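Lettering follows sequence order; numbering is per chain, from 1. What you are looking at is a predicted structure, and each value in this text was computed from that prediction instead of being measured.
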Protein chains: 2
Amino acid sequence: MTKADISLKGTKVQPLKKPRTELEPGARRRKKFDDKRQFILETALSVFSKYGFHGTTIEQIANSADISKTNLFYYFSNKEELYLTILENILNDWLKPITVFEEVDDPEDVLKNYIRLKLELSRDQPEASRLFCLEIIQGAPILKGYLENELKSILQDKSKVIESWVSKGKIKPINPIQLIFFIWSTTQHFADFNVQVKAITGKDLSNKKFFEETCSAIQQLIIDGLKRPRL
Amino acid sequence: MTKADISLKGTKVQPLKKPRTELEPGARRRKKFDDKRQFILETALSVFSKYGFHGTTIEQIANSADISKTNLFYYFSNKEELYLTILENILNDWLKPITVFEEVDDPEDVLKNYIRLKLELSRDQPEASRLFCLEIIQGAPILKGYLENELKSILQDKSKVIESWVSKGKIKPINPIQLIFFIWSTTQHFADFNVQVKAITGKDLSNKKFFEETCSAIQQLIIDGLKRPRL
DNA sequence: AACTTTTCAGACCAAATGGTCTGTTTTAAA
DNA sequence: TTTAAAACAGACCATTTGGTCTGAAAAGTT
């Protein structure tokens, strides 16, 4: 999406003559405002994820978004607010896949599904993944509280599901948290270390074949690694 | 190691009176110089790994090392040289463990051993791991060439070992590069995402029990995941 | 002890950068 | 078409920061 797309939305979609109908007053303006804000956020994510918070200048972002620095400050009162808003948005997407963990289901289905969803995230939102990684590496100054509370409690919840699988003999004994870490690390690796992966394999998750190969390799390893012994 | 250690080495070890014997001229000076340089490197690694290249100021490093900014510039002509030197040093340690891959050996032994070595690295050099990760995430501006050449060829070499295991039926078929990526990602996760791991588990690789538990969890998953089907 | 070289510190500088101020243009609504 | 509010731009500012210059202290050598 480029700047042009945005402007087009605002001007062409609404035929130049008049507002088609009476929306709530200010609705059009609000939408345009929100759209542009959103666009800036996407651009900024792209830049932040490349150079980190400190390595990114407001001017870089403004240039990338094809607006003036001043204009950017019209939409976000300062650099931190911009950065923070992005991180918040990321968290949502990042956590969605984990909802697939439900006790009633078959471990193999759930795990396969979860791995695929996470890998899709690495493919479709690699920048978000990298920004998240940058934040964590640097000590999670912003997200620390979130990790220790929300995330922790969610994981404890999901751990119970895994534990129930173990106690029912559906999978071999394993520390549930370790299992989750294992899935996170292997899937996110392909976003965070994308450059390294590409340098060595010449490929990318955006390559469909490579994606499928990677996906099933991870799935197989984990599924087979969890099969009860002497099956 | 603190700044004090350094000075002590220079002053106390050599009894104040006189040089014990005639070393090559300038040898004492050179050693002192090298030691201090090394100390600065270690301090700088610690700071860089926390805040990244751009997020780190020379003054921060100087303060951490308890020397003046000017003094730092006496040992390193600029910020980049300092950063680069650190990265070079890291690469060496980072690659050492992979030498355990030898065809003659038993896959299980080799893999277990390799996983342990990598995990030890994550435990003992987490800062190095994080700095390396930062570099890769940001597109590996410095290391890209290295990745595409040296590293790639090393991996191709080791891949053959793994492939030979597969063709001999010692392990089930898997893409060797993928396998190596899995090991890298799972082990390095505990250094790079240390904060997250700690936030959720309350523990660390520095915790001996947690280290062993993690090590065998990864080992088991991978070993069992690679066992030939219908054993 | 004298002398030379190395090591270090404080003042200083120029560029970069986050952010503001003032005023102009654009736009939606009437 | 008019008008008030919203959107935007350029000049400007204060601070930070990588890096230099000059000279003083420290250490090694004879």
Side-chain angles (χ1 to χ4, degrees), chain A residues 3 6-7 9-37 39-40 44 47-48 51-63 65-84, chain B residues 3 6-7 9-37 39-40 44 47-48 51-63 65-84:
Chain A
K3 170 72 186 318
I6 288 281
S7 332
K9 247 180 228 164
T11 53
K12 281 200 173 168
V13 167
Q14 299 286 351
L16 292 167
K17 324 281 181 176
K18 260 193 178 182
R20 256 180 5 96
T21 173
E22 299 291 324
L23 320 169
E24 315 88 86
R28 281 240 305 278
R29 272 211 154 110
R30 218 171 10 254
K31 179 173 192 327
K32 218 185 148 193
F33 181 88
D34 291 344
D35 283 353
K36 185 155 184 182
R37 227 180 106 98
F39 173 68
I40 293 174
V47 184
F48 274 134
Y51 307 104
F53 179 80
H54 294 285
T56 298
T57 67
I58 291 286
E59 214 170 3
Q60 266 179 296
I61 299 174
N63 287 341
D66 208 25
I67 61 177
S68 73
K69 213 173 62 167
T70 317
N71 196 7
L72 196 155
F73 278 114
Y74 176 72
Y75 286 91
F76 297 91
S77 56
N78 56 46
K79 197 182 177 183
E80 275 192 13
E81 190 203 325
L82 178 56
Y83 183 74
L84 233 132
Chain B
K3 169 71 187 317
I6 288 280
S7 334
K9 246 180 227 164
T11 54
K12 281 199 175 172
V13 167
Q14 297 287 349
L16 292 167
K17 322 279 178 177
K18 259 191 180 183
R20 259 180 0 99
T21 172
E22 299 290 324
L23 319 169
E24 316 90 86
R28 282 239 305 275
R29 271 211 155 114
R30 226 180 356 261
K31 181 175 189 325
K32 214 184 148 192
F33 181 87
D34 291 342
D35 283 353
K36 185 156 182 182
R37 227 180 106 99
F39 172 69
I40 293 174
V47 184
F48 274 135
Y51 306 103
F53 179 80
H54 293 285
T56 299
T57 68
I58 292 286
E59 214 169 6
Q60 265 178 298
I61 299 173
N63 287 343
D66 208 23
I67 61 178
S68 73
K69 212 173 64 166
T70 317
N71 196 5
L72 196 156
F73 277 115
Y74 176 72
Y75 287 91
F76 297 91
S77 56
N78 56 47
K79 197 181 176 183
E80 275 192 14
E81 190 202 325
L82 177 58
Y83 182 75
L84 232 133

### Task
State whether A:D34 and A:R30 are salt-bridged, where the test is any N-O pair (Lys NZ or Arg NE/NH1/NH2 against Asp/Glu carboxylate O) under 4.0 Å.
no
### Residues, nucleotides or ligands: over 12 heavy atoms within 6.0 Å of B:E80 CD
no
### Query
Can you find an N or O donor on one side and an acceptor on the other, under 3.5 Å apart, linking the side chain of B:K79 with the base of D:dG19?
no
### Query
What is the distance, rounded to the nearest whole Å, between atom OH of B:Y74 and atom C1' of D:dA25?
13 Å
### Message
Please confirm whether the shortest side-chain N or O distance from A:K32 to OP1 or OP2 of D:dA7 is below 4.0 Å.
### Response
no
### Query
Roughly, in whole Å, what's the span from CG in B:D35 to C1' in C:dT7?
15 Å
### Query
What is the distance, rounded to the nearest whole Å, between atom CZ of A:F76 and atom P of D:dA7?
13 Å
### Task
With DNA chain D as reference, determine whether A:S68 or A:R29 sits nearer its 5' end, using the nearest nucleotide of each.
A:R29
### Task
Let me know which of B:K32, B:K31, B:R37 forms a side-chain hydrogen bond (donor to acceptor under 3.5 Å, both in side chains) with B:D35.
B:K31
### Heavy-atom closest pair, residues B:A62 and B:L72
N-CD1, 3.9 Å
### Task
Give one of base, sugar-phosphate or nothing for B:T57, where a contact means two heavy atoms less than 4.0 Å apart.
sugar-phosphate
### Query
Between C:dC8 and B:Y75, is there an OP1 or OP2 to side-chain N/O distance shorter than 4.0 Å?
yes
### Query
What residues form a side chain to side chain contact (heavy atoms under 4.5 Å, CB included) with A:Y51, not counting sequence neighbours?
A:V47, A:T56, A:Q60
### Query
B:N71 side chain: which of D:dC8, C:dG19, C:dC8 is closest?
C:dC8
### Message
I need the CD-C1' distance between A:Q60 and C:dG18, as an integer number of Å.
### Response
13 Å
### Task
Report the distance from atom NE2 of B:H54 to atom C1' of D:dT17, rounded to the nearest whole Å.
13 Å
### Message
Nearest whole Å is fine: how far is D:dC13 C1' from A:E59 CD?
### Response
15 Å
### Nearest-angstrom distance from the residue atom CZ of A:F73 to C1' of C:dG19
5 Å
### Query
Can you find an N or O donor on one side and an acceptor on the other, under 3.5 Å apart, linking the side chain of A:R28 with the base of C:dT27?
no
#### Entry: Check: D:dG10 base within 3.5 Å donor-acceptor of A:T70 side chain
yes
### Message
In this structure, how many angstroms lie between the P atom of D:dA6 and the CG atom of A:D34, rounded?
### Response
14 Å
### Task
Would you tell me if any nitrogen or oxygen in the side chain of A:K69 comes within less than 4.0 Å of OP1 or OP2 on C:dT17?
no
